[in-house]
Amino acid sequence: MTAPAPAAPEDVLYIPDVATTRFYVGALALLSVLQYFVAESAVIGAWAGRQPYSRRTGYISDLGALNCGVFDGRDVCSPAHLLMNASFVVQGVGMMVGALLLSSALLCVAARSGVMIQRRAGRRSPSRVALGARLSSFTAGAGTVVVGLVPEDVGSGWHEAGAVTYFVAGALSLLLLGWLWVRQTPLGWFILVCGGVTLGALITAGVTGMAVPEPGTLERLMGYPITIGMAAGGLVVAQRVRSAVVTRAAG
């Protein structure tokens, strides 16, 4: 009579291979979101409205409006709208590519080389939290791609839906990633705070309906931390992957 095979262990030790081109490219994709700030400044510089554009009172989406005129009670005229909308799309694609290329195992150890983690036998994803951060980041990226492809003044609700998706999913991704990294890198706290600021501003916007003295400031408190937090995550991974690659080459 054949003896029964031993049961597979519930958990096994697993060490992610950090030093890969895939992870480095994914990190650079997240860092690429910083181009948004350059594009926004250039588009604001080209603003042709009757009143100068102000980040404190002007909505971000006004910079991507296709036509000059009054929109929703605001005087809008952005000759460089193509640059702004292209920047939205590039930002979103960068977040989506990063979410696809940076594995859950890598995020689980904050790209620290040689760190062992536990995962269930037969499963690639070591952490539901890391997977949730990736899915949320991908969703947020898709949202801002929609924002760029469907400007605010084309008469479609998809623009607003894309913006809300970006804010909500972006905040969730940063909160999950920050919580996961808080003991693994000093920037874990920074990323967590970025997610908290976005969430707080988002709640304020929902309660007030954006009827505040400086709607532009409030909207940027929702959006800027996502861009900065994602770039911070990309910076951590890029530095650690690069270090792992150099160490392997030297060995």
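This is a predicted model, so every value here is computed, not measured.
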Main-chain N/O of Ala161 paired with Thr165 side-chain donor or acceptor, under 3.5 Å: yes
Indicate yes or no: at least one non-hydrogen side-chain atom of Val33 is less than 4.5 angstrom from one of Tyr36. no
My understanding is that only residues two or more places apart in sequence, or in another chain, count here; which of them pass ring pair (Phe, Tyr, Trp, His ring centres under 6.0 Å) with Phe138? none
Decide side-chain contact (heavy atoms from CB on, under 4.5 Å) for Leu192 and Leu175; before the verdict, give the C-alpha distance in whole Å, the side-chain angles of both, and the deciding distance to 0.1 Å. CA-CA 5 Å; Leu192 190 62; Leu175 289 172; 4.0 Å; yes
Interatomic spacing from CG in Leu66 to CE in Met84 - rounded to 0.5 Å: 13.5 Å
Partner residues of Ser32 under the side-chain contact (heavy atoms from CB on, under 4.5 Å) criterion, sequence neighbours left out: none
Check for a donor-acceptor pair, side chain of Thr247 on one end and backbone N or O of Ser243 on the other, with a separation under 3.5 Å. yes
For the backbone of Phe71 and the side chain of Asp153, can you confirm whether one donor and one acceptor N or O come within less than 3.5 Å of each other? no
Option among Leu202, Leu221, Leu174 that satisfies the side-chain contact (heavy atoms from CB on, under 4.5 Å) test with Val197: Leu221
Any heavy-atom pair between the side chains of Leu30 and Val237 that's under 4.5 Å? no
Find out whether Val207 and Thr204 are in side-chain contact, i.e. whether some heavy atom of one side chain is under 4.5 Å from a heavy atom of the other. no
So how far is it from Ser173 OG to Met230 CE, rounded to the nearest 0.5 Å? 3.5 Å
So with a 6.0 Å cut-off around CD of Gln51, is the heavy-atom count from everything else above 12? no
I need the single residue from Val43, Ile44, Asp62 that forms a side-chain contact (heavy atoms from CB on, under 4.5 Å) with Ser78. Which is it? Val43
Tyr166 and Met222, any side-chain heavy atoms less than 4.5 Å apart: no
Report yes if some heavy atom in the side chain of Leu176 is under 4.5 Å from a heavy atom in the side chain of Leu180; otherwise report no. no
Judged by modelled atom types alone, do Glu40 and Ser87 share a side-chain donor-acceptor pair under 3.5 Å? no
Quick one: list whatever passes ring pair (Phe, Tyr, Trp, His ring centres under 6.0 Å) with Tyr53, sequence neighbours left out. Trp47
OG1 on Thr208 to CD1 on Ile203, rounded to 0.5 Å: 11.5 Å
Restricting to side-chain contact (heavy atoms from CB on, under 4.5 Å), what partner residues turn up for Leu135, sequence neighbours left out? Leu131
Would the number of heavy atoms belonging to other residues, nucleotides or ligands and lying under 6.0 Å from CZ of Arg22 be above 12? yes
Atom pair CG/CZ of Leu106 and Arg240 - distance to nearest 0.5 Å: 10.0 Å
Apply side-chain contact (heavy atoms from CB on, under 4.5 Å) to the pair Ile226 and Met95, showing each step before the final yes or no. CA-CA 10 Å; Ile226 298 176; Met95 293 171 65; 4.3 Å; yes
Once rounded to the nearest 0.5 Å, what's the spacing between atom CG of Asn67 and atom CD of Glu152? 10.5 Å
Flag, side chain of Ser136 to backbone of Gly170, donor-acceptor distance under 3.5 Å: no
To the nearest 0.5 Å, how far apart are OG1 in Thr185 and CZ in Phe190? 11.5 Å
Within residues 149-206 or reaching into it, pairs that qualify as disulfide (SG to SG under 2.5 Å) - sequence neighbours excluded: none
Are the side chain of Arg134 and the backbone of Ala99 linked by a donor-acceptor contact shorter than 3.5 Å? yes
Answer yes or no: is there a donor N or O on one side and an acceptor on the other, between the side chain of Gln184 and the main chain of Cys108, under 3.5 Å? yes
Could you check Val18 against Arg248 for side-chain contact (heavy atoms from CB on, under 4.5 Å), going step by step and ending with a plain yes or no? CA-CA 10 Å; Val18 173; Arg248 176 177 292 180; over 6 Å; no
For Val245 and Tyr24: C-alpha separation, side-chain torsions, deciding distance, then whether side-chain contact (heavy atoms from CB on, under 4.5 Å) applies. CA-CA 10 Å; Val245 170; Tyr24 194 63; over 6 Å; no
A quick test of your reading: do over 12 heavy atoms of other residues, nucleotides or ligands sit less than 6.0 Å from CZ of Arg112? yes
In the structure I gave you, are the side-chain heavy atoms of Phe23 and Leu101 within less than 4.5 Å of one another anywhere? no
Apply side chain to side chain donor-acceptor pair (under 3.5 Å) to Ser41 and Arg55, showing your working. CA-CA 10 Å; Ser41 295; Arg55 286 184 172 89; 3.1 Å; yes
What pairs of donor and acceptor atoms, side-chain ones from residues 143-151 against any protein atom, are under 3.5 angstrom apart with sequence neighbours left out?
none

